[in-house]
Amino acid sequence: MLYWQAWRDSVVFARVSKEKTAMRIIMRQRLLSILDHYEIFDEAGQLLFKVNGKVAIAPELRIQNAEGEELGYTKFEMFHLLPHYNFFAGGEKIDRMAKKVTLFRARYELEESGWTVQGNFMDHEYQVTDAEGREIANISKAYLKVRDTYAIDVPDERNVLRVLMIALIVDSVQHPEH
């Protein structure tokens, strides 16, 4: 079911399942930042995470909790025809995400978890599924916004960090102009 949801000063176009999801987070890119900087809130407007881009030979996105403690990061893997990113948490590599060749829809695969990320034709709606086709998360980009804003529905809270990493990479690869 598609619907409009008012959240603070923005309207987010989101796809949700019929059941109430366990967690919805809102990811917003900070205005007027040279690097990729994001703030992630819960539905009530509480700051959950901060993300800061780091300039390096292989660019990184560092994820911190609201108190500033680092939880994980993504790192671009060089020397591939299509983008590849490694995910790290607690100093350990937890997954690798690679963009796949497709005609009309964005598609990514996560190697260690076996998850697939499939976008729609307009690159505003993404569904994350596991190897058996079960829904892991839905990621929806708001239309007509000055800064990139995403509503992310994650039924299992244990997957929030990895799904957040996926959303950051999707925004970075699919919408490089921001």
(request) To the nearest 0.5 angstrom, please state how far the CD atom of E135 sits from the CG atom of D130. (result) 10.5 Å

(request) Please report the closest heavy-atom contact between R105 and G119, naming both atoms and the distance. (result) NE-O, 3.1 Å

(message) To the nearest 0.5 Å, what is the distance between CG on L48 and CD1 on I26?
(response) 10.0 Å

(request) Please round to the nearest 0.5 Å and tell me the distance separating atom CD of Q29 and atom NE2 of H37. (result) 9.5 Å

(message) I'd like to know whether CD of E67 has more than 12 heavy-atom contacts from other residues, nucleotides or ligands below 6.0 angstrom.
(response) yes

Without placing hydrogens or testing angles, list every side-chain donor-acceptor pair under 3.5 Å for residues 68-75, not counting sequence neighbours.
| from | atom 1 | to | atom 2 | distance (Å) |
| --- | --- | --- | --- | --- |
| E69 | OE1 | N65 | ND2 | 3.0 |
| E70 | OE1 | R62 | NH1 | 3.1 |
| E70 | OE2 | R62 | NH1 | 2.7 |

(request) Working to the nearest 0.5 Å, report the span between CZ of R28 and OG1 of T149. (result) 5.0 Å

(request) Over all heavy atoms of both residues, which pair between T129 and I136 is shortest? Give the atoms and the distance, please. (result) C-CG1, 3.8 Å

(message) Could you tell me if the side chain of N52 sits less than 4.5 Å from the side chain of Q64, heavy atoms only?
(response) yes

(message) Quick check: do Y126 and I166 have side-chain heavy atoms less than 4.5 Å from each other?
(response) no

(message) With a 4.5 Å cut-off on side-chain heavy-atom distances among I, L, V, M, F, W and Y, is there a chain of contacts connecting V101 to F79?
(response) no

(request) Mind listing the closest non-hydrogen atom pair of A137 and P155 along with its distance? (result) CA-CD, 4.3 Å

(request) Would you indicate whether the side-chain heavy atoms of N159 and W115 approach each other to under 4.5 Å? (result) yes

(message) To the nearest 0.5 Å, what is the distance between CG on D148 and NZ on K141?
(response) 4.0 Å

(message) Quick check on the hydrophobic clustering: are L81 and Y85 connected, directly or via other members, by side-chain heavy-atom contacts under 4.5 Å?
(response) no

(request) Find out whether V117 and L110 are in side-chain contact, i.e. whether some heavy atom of one side chain is under 4.5 Å from a heavy atom of the other. (result) yes

(request) Look at the side-chain heavy atoms of Ile, Leu, Val, Met, Phe, Trp and Tyr, link any pair under 4.5 Å apart, and say whether F88 and M165 land in one connected group. (result) no

(request) For L47, check side chain to side chain contact (heavy atoms under 4.5 Å, CB included) against everything at least two apart and list the hits. (result) E39, F41, K50, A66

(message) R96 and side chain to side chain donor-acceptor pair (under 3.5 Å): which single residue from E109, E111, E112 fits?
(response) E111

(request) Kindly compute the distance separating CZ (F87) from CG (L61), expressed to the nearest 0.5 Å. (result) 10.0 Å

(request) Could you please spell out the steps behind the side chain to side chain donor-acceptor pair (under 3.5 Å) verdict for N138 and E125? (result) CA-CA 7 Å; N138 281 309; E125 302 283 331; over 6 Å; no

(request) Would you kindly confirm whether F104 and L82 end up in one hydrophobic cluster when ILVMFWY residues are joined by side chain heavy atoms under 4.5 Å apart? (result) no

(message) Quick check: do M27 and L168 have side-chain heavy atoms less than 4.5 Å from each other?
(response) yes

